[in-house]
Amino acid sequence: PAPPAAAAQEPALPPEVSEDAGGVPDASAAEGGYTVQVAAVKKRTEADVIVKHLKAKGYEAYVFTPDGSDKLGVFRVRVGSYKTRPEAETVARRIEREERWKPWVTR
């Protein structure tokens, strides 16, 4: 299946995320922009499964762990990095429609 149009135009990972870091951005990843949060789960393995599923669908998904939250067991699955809220909302609606999750836009 073809990747969603909006997601296909985004970079592979937000600029603050490196493959070497295992796709986990630092707390500054969303500063100055918007991202779509798909889930917040307690197990890293569960977050990784969701990311893998979204990536297979063409979304630029990654796991976000704010400082210290990995020790608390909070792993946030996010998609993309968008300059405007309307761009992020479009992707959130598409994910909700196609994947049946209830994503929300955050900074």
Side-chain angles (χ1 to χ4, degrees):
Q9 296 172 3
E10 294 301 315
L13 291 170
E16 297 82 0
V17 178
S18 72
E19 291 292 341
D20 295 337
V24 181
D26 62 21
S28 65
E31 287 180 16
Y34 298 88
T35 188
V36 177
Q37 186 161 314
V38 177
V41 296
K42 293 186 178 198
K43 294 183 180 178
R44 175 64 192 240
T45 54
E46 186 178 353
D48 289 340
V49 167
I50 296 169
V51 166
K52 184 177 179 180
H53 173 79
L54 289 168
K55 283 186 173 191
K57 297 283 189 164
Y59 292 101
E60 302 303 332
Y62 60 96
V63 176
F64 176 74
T65 54
D67 291 339
S69 70
D70 57 335
K71 292 175 185 76
L72 299 173
V74 179
F75 301 94
R76 297 172 186 177
V77 177
R78 293 185 172 179
V79 171
S81 177
Y82 306 94
K83 290 183 181 182
T84 67
R85 186 174 196 85
E87 286 178 295
E89 287 172 346
T90 297
V91 174
R93 283 191 300 272
R94 184 177 300 124
I95 291 170
E96 185 171 8
R97 182 176 63 248
E98 292 175 0
E99 305 302 323
R100 307 267 190 236
W101 282 315
K102 298 284 187 188
W104 61 95
V105 173
T106 187
R107 291 195 103 166

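The shown structure was predicted, so the numbers you read here are calculated from the model rather than taken from an experiment.
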Fill in the blank from the handout: For V105 and A92, the nearest pair of non-hydrogen atoms, with its separation, is CG2-CB, 4.3 Å

Exercise for the section: Please lay out, stage by stage, how F64 and T106 fare under the test side-chain contact (heavy atoms from CB on, under 4.5 Å). Expected result: CA-CA 12 Å; F64 176 74; T106 187; over 6 Å; no

Exercise for the section: Evaluate the criterion side-chain contact (heavy atoms from CB on, under 4.5 Å) for residue pair I50 and H53; output intermediate values, then yes/no. Expected result: CA-CA 5 Å; I50 296 169; H53 173 79; 5.6 Å; no

Practice task
Identify the two heavy atoms, one from A61 and one from L54, that lie closest to each other, and give their separation to 0.1 Å.
Solution key: CB-CB, 3.7 Å

Practice task
Look at the side chain of T35 and the backbone N and O of R107, then say whether any donor-acceptor pair between them is shorter than 3.5 Å.
Solution key: no

Practice task
Indicate yes or no: at least one non-hydrogen side-chain atom of W101 is less than 4.5 angstrom from one of V77.
Solution key: no

Practice task
Please report the shortest heavy-atom distance between F75 and A47, naming the atom on each side.
Solution key: CB-CB, 3.8 Å

Fill in the blank from the handout: Looking only at heavy atoms, the pair that brings P66 and R76 closest together is CG-NH1, 3.4 Å

Exercise for the section: Please report the shortest heavy-atom distance between V38 and W104, naming the atom on each side. Expected result: O-CZ3, 4.4 Å

Exercise for the section: Identify whether the distance between the nearest side-chain nitrogen and carboxylate oxygen of D48 and R44 falls below 4.0 Å. Expected result: yes

Handout entry: Criterion side-chain contact (heavy atoms from CB on, under 4.5 Å) on Y34 and E89, from CA distance to verdict
Key = CA-CA 9 Å; Y34 298 88; E89 287 172 346; over 6 Å; no

Handout entry: pair E99-K57: side-chain heavy atoms closer than 4.5 Å
Key = yes

Practice task
Please name the pair of heavy atoms, one in V36 and one in P103, separated by the smallest distance, quoted to 0.1 Å.
Solution key: CG1-CB, 3.6 Å

Problem - Salt-bridge criterion met for E46 and K42 (N-O under 4.0 Å) - result: no

